[in-house]
Amino acid sequence: MIDLSRLNPPQRAAVACTEGPLLVLAGAGSGKTRVLTYRVAHLMEMGVPAWKILAITFTNKAAREMADRVRQLTGEAGDEAWISTFHACCARILRRDIEKLGYKRQFAIYDADDSMTVIKSVLKAMNLSDKEYPPRAVRAAISDAKNRMLSPKEWLLDAGDDARNRKYSEVYAEYEKALRGNNALDFDDLLIRTLELLSQNPPVLEYYQRRFEYILVDEYQDTNAAQYELVRLLAGTKHNLCVVGDDDQSIYGWRGADIRNILDFEKDFPEAKVVKLEQNYRSTGNILDAANQVIAHNRGRKEKALWTEAGAGERIALYHALDERDEAAFVAQMARKLMGQGERPGEIAVLYRTNAQSRVLEEAFVRGGVPYRVYGGQKFYERKEIKDLICYMRALVNPDDDVSLRRIVNEPRRGIGEATIEQLASYAAQNELPLMSAVLDADAAGLSSRARKLVGEFGELMVDLTDAMYEQRPGEFVRTLIDRTGYVRALEAARTPENESRIENIKELEGAVAEFERLNPEGGLSDFLENVALVSDADAVDEAGGSVTLMTLHSAKGLEFDCVFLPGMEDGVFPLSRALYDDDQLEEERRLAYVGITRAKKRLFLSHARTRMLYNARSANPLSRFVGEIPARLIADSSQRGESRRVPPPSHARTGAAPRAGGRALGIEGVQKGYGGKFVGSQARALGGVALFRNGDRVIHRAFGRGEVVGVEGEGADQKVTVDFGGRTRTFSASIAPIIKVET
DNA sequence: GGTCTGCAGCTTTTT
DNA sequence: GCTGCAGACC
């Protein structure tokens, strides 16, 4: 029996109102996830089978958290509910019925990278220079068109029929053709094709409408036109649709999200009930106050009055750094200090505007010996060696996938060069065959005898691997793949540190497949590939909570932490320079600031750097206007008392490679002391650029794992450490290598 | 025909 | 500070 008394009155109303359309306007930290999970549990308690419930979230992380919390309330019965992202949900629907749209079941899902490859080849085939038609811009335009559900022709009408747009529209059309030829969908297609499937096949639509009697959509303010349409279709006529969102947290306008979807919900569903959640359970008064003041500078919002019963708490700290290194050092040292005060590392987060900001921060964390974890992008699967192996799998699962095949046909090197590939490709094009067919029919493609032999061998390899794929479980198959392609052997031939780390990554991939197999005993290779396409490593939650979180503000949405750092509070960084003169963009940046501030439960640290390396040049940016929008009374600002205490950089750090202490941090109690205090040793030294590691230190390397320092050479930024990883020793540059000291 | 090396350009945020 | 591409070299 779930206990509704643990909810406040509006929360309870939102849970209990199960029939008809419901809009829940949930301010930051107002218990939104709790409402959603209780709602699912409540529905089940009323006798609704879990499989009739569809809950859609924006990120995999949010989906997983929701699924976990539902399970806590309902037990295993809750596992039957579909709780997933829009994209994963669509992939699941398409996997079943995409043949009705003329694709084959084993369609590939292309990531942004693959899309770029396709676009580049389309531009090339059309003889358009990438100077005049930058692939990035073309891709963005196409994606934008798709998110607005516009076909190439419709897009042309909408964008204006000039010569340039006509070309864009042609590229878009060719791109679509190419994807189809490769039996592949891009991310946007997942939504578009699902819409197409449902609207063109009434029985399929009816099936899902009947099945999903109750639909919940999280982060509704971030839905785009296609997602909106999908929700409407699925909700059918019953309208048992509950959407939850906060217009102040709409931060995906650039991806086609349309804030009007939430603002107009009551117009779209006139019978809709509206519940406002305004009590904030997350943040202290000062933090909430700051957030409210900042967001109040936006226009056209739904009025909300977020309040809290919590006390004022500490004031918001503001650190004036000399440069980005100084700022990063401050963040790392402060994080360390907080940990010394008993804060769990998992309750500390550093949230930045752009991924590019993470590098300096990472370096500071490594130097300071503070365990951290960077969440961001799909880094792991984007690594060359991993992507290569994935492309082998994709080419095997989906023989129409020329894009993947081209990538691996000569990887590792087997003497099949560009010219040979082009010959094969033109043979394939003439006969309207996929490239793979040309490979298997190398004798007929008019190749030189040498090329014929090499391509023939490659074809045999692919045939053997196809057999293996059908006979073996994914875990075993990956090992076969690595062995038969000789991928690792090729890397081992040159034992460079780079290759060593690639081999380690490949081991990690093997591990990932094994883990997938364990969690999905029924899953085949294509299921694994789908997982890879839709689930980024950013979704891997750090269950142990043993490290500080570094991520972008965008990925932090929906999360909360005791202590939050917002570095880079500068006009030009946050808000981004391109948003400074555009009101709409500026408002979106402000909402992003609101999201950032409201992630913090107890303590918030803002910082800015007087100068910073930006786009390859050192620039000086003014303090972010968003900081100015926070009332001074809420800020513990250094510049108002005392003077800065400049510590001259140590002579051996004259290259500037080591971070310098000396930014001003007055008003933040104990920051300078923090350089001493409990962590005097390693911290003061880290800042001075003196020895960081000593013999006997236990360390963790991001790729090599646990080890022990067995040799140290040099000092400061130039320090070289030799580490023994259970028998294998490696030497690293201490300032660059991703090594963390485990015990101090 | 294939591979290696040096130089330019680029960076918003994500499924 | 990394990737893609062009040109030189094998």
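Reminder, nothing fancy here: chain letters follow the sequence lines and each chain counts from 1.
One finds no side-chain N or O of A:Thr420 lying less than 4.0 angstrom from the OP1 or OP2 phosphate oxygen of B:dG1. Between A:Asn147 and B:dT15 there is no side-chain polar atom (N or O) within less than 4.0 angstrom of OP1 or OP2. Regarding contacts with the backbone of B:dG1, every side-chain N or O of A:Arg450 stays at 4.0 angstrom or more from both OP1 and OP2. Applying the 4.0 Å criterion to OP1 and OP2 of B:dG2, one finds that A:Arg413 has every side-chain N and O outside that range. Under 4.0 angstrom from either OP1 or OP2 of B:dT14 there lies at least one side-chain N or O belonging to A:Ser555.
Rounded to an integer number of Å, the gap from A:Phe574 CZ to B:dT13 C1' is 10 Å. One interatomic measurement links the two molecules: CG of A:Asn355 to C1' of C:dT3, which rounds to 16 Å at whole-angstrom precision. Between A:Asn531 atom CG and B:dT15 atom P the separation is 13 Å, expressed in whole Å. Remark: P of B:dT15 and CZ of A:Arg139 are 13 Å apart, rounded to the nearest angstrom. Note: CH2 (A:Trp254) to C1' (B:dT11) measures 14 Å, nearest angstrom. In this structure, A:Tyr110 places its OH atom 20 Å from C1' of B:dT14, rounding to the nearest Å. Between the CZ atom of A:Phe58 and the P atom of B:dT15 there is a distance of 10 Å, given to the nearest Å. The interatomic distance linking A:Ile421 (CD1) with B:dG1 (P) rounds to 12 Å, in whole Å.
Of the two residues contacting DNA chain B, namely A:Arg414 and A:Phe86, the nearest-nucleotide position lying further toward the 5' end is that of A:Arg414. Mapping A:Arg578 and A:Asn410 onto DNA chain B by nearest heavy atom places A:Asn410 at the nucleotide closer to the 5' end.
In this structure, A:Tyr252 and A:Phe58 have parallel ring planes: the angle between them is below the 30° cut-off, well short of the 60° mark.
Among the nucleotides C:dG1, B:dT14, B:dT13, the one closest to any side-chain atom of A:Thr354 is B:dT13. Listed nucleotides: B:dT11, B:dT14, B:dT15. Nearest to the side chain of A:Arg136: B:dT11. Distances were taken from every side-chain heavy atom of A:Gln585 (C-beta onward) to each of B:dG1, B:dT12, B:dT15; the shortest belongs to B:dT12. For A:Arg255, whose side chain is taken as the heavy atoms from C-beta onward, the closest listed nucleotide among B:dG1, B:dT3, B:dT15 is B:dT15. Closest to the side chain of A:His87, out of B:dC4, B:dT12, B:dT15, is B:dT15.
The two residues A:Ala184 and A:Asp189 make their nearest non-hydrogen contact at O-OD2, 4.4 Å. The nearest pair of heavy atoms linking A:Ser619 to A:Asn621 is OG-ND2, 3.8 Å.
Remark: A:Lys61 does not engage A:Glu65 in a salt bridge, criterion side-chain N to carboxylate O under 4.0 Å. Between A:Asp111 and A:Lys387 there is a salt bridge, since a side-chain N of the basic residue sits under 4.0 Å from a carboxylate O of the acidic one.
Under the 6.0 Å cut-off for aromatic ring centres, A:Phe626 and A:His297 do not qualify, their centroids lying 6.0 Å or more apart.
A:Ile416 comes within contact range of the sugar-phosphate backbone alone, with a heavy-atom separation under 4.0 Å but no base atom that close.
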